[in-house]
J.: 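Got a structure for you, questions after.
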Amino acid sequence: MLAVCLLLVPLLAAVLAWATRPVEEVTLTMGTTRFADRAVYEGDAIEFTAEHCREYFRDGATVVRKVLRPEIVAAMLDDFLERHGPEEYINGLWLESDALRDIFLYSNLGAL
């Protein structure tokens, strides 16, 4: 019994220390990056064809090419890496990117 207690006490202390650690709060914004300007996306038409629909319902997915110009994708990646670094991109924090959120909200992606 003593051995179990000696094993559990450090484990519980570690869990308690982890659970009460200070967590950095992230403020999410929209419309604050260069990607919030709708003029950036002018002339970018999305063609969603009947073939796309058939592929989607047959396979559960489809690929729509040329939705965003390569320079927009490159600029978004550069913007993110400049602000956060490659480690955060790899760890999934790209989901908290203001630039990516602005692309979703202000680009032509909503036309899909």
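These numbers come from a predicted model, not from an experiment.
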J.: Test your reading of the model: is there a side-chain donor-acceptor pair from D102 to the backbone of F35, 3.5 Å cut-off?
T.: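 Looks like no, no N/O pair under 3.5 Å.
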
J.: Considering non-hydrogen atoms only, spot the tightest contact between C53 and F48 and give its length.
T.: SG-CE2, 3.5 Å

J.: Just verifying a value: how many Å separate T32 OG1 and D98 CG, rounded to the nearest 0.5 Å?
T.: 4.5 Å

J.: Which pair of non-hydrogen atoms, one from A36 and one from G31, has the smallest distance, and what is that distance?
T.: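 Result for this residue pair: CB-CA, 3.5 Å.
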
J.: Is there a path of hydrophobic side-chain contacts, each under 4.5 Å between heavy atoms, that joins Y56 and V67?
T.: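 Hydrophobic grouping puts Y56 apart from V67.
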
J.: Hey, could you give me the OG1/CZ distance between T49 and R54, rounded to the nearest 0.5 Å?
T.: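 Going from the OG1 atom of T49 to the CZ atom of R54 covers 7.0 Å.
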
J.: Under the 3.5 angstrom rule, does the side chain of D37 hit a backbone N or O of A39 as a donor-acceptor pair?
T.: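 Between the backbone of A39 and the side chain of D37 there is a qualifying donor-acceptor contact (under 3.5 Å).
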
J.: Report yes if some heavy atom in the side chain of D79 is under 4.5 Å from a heavy atom in the side chain of R34; otherwise report no.
T.: yes

J.: Under the criterion side-chain contact (heavy atoms from CB on, under 4.5 Å), I'd like the reasoning laid out for Y41 against I103: C-alpha separation, chi angles, the key distance, then a yes or no.
T.: CA-CA 9 Å; Y41 310 101; I103 287 175; 3.5 Å; yes

J.: Evaluate the side-chain contact (heavy atoms from CB on, under 4.5 Å) criterion for residues H52 and V64: first the C-alpha distance (whole Å), next the side-chain angles of each, then the deciding distance (0.1 Å), finally the verdict.
T.: CA-CA 7 Å; H52 288 113; V64 182; 3.8 Å; yes

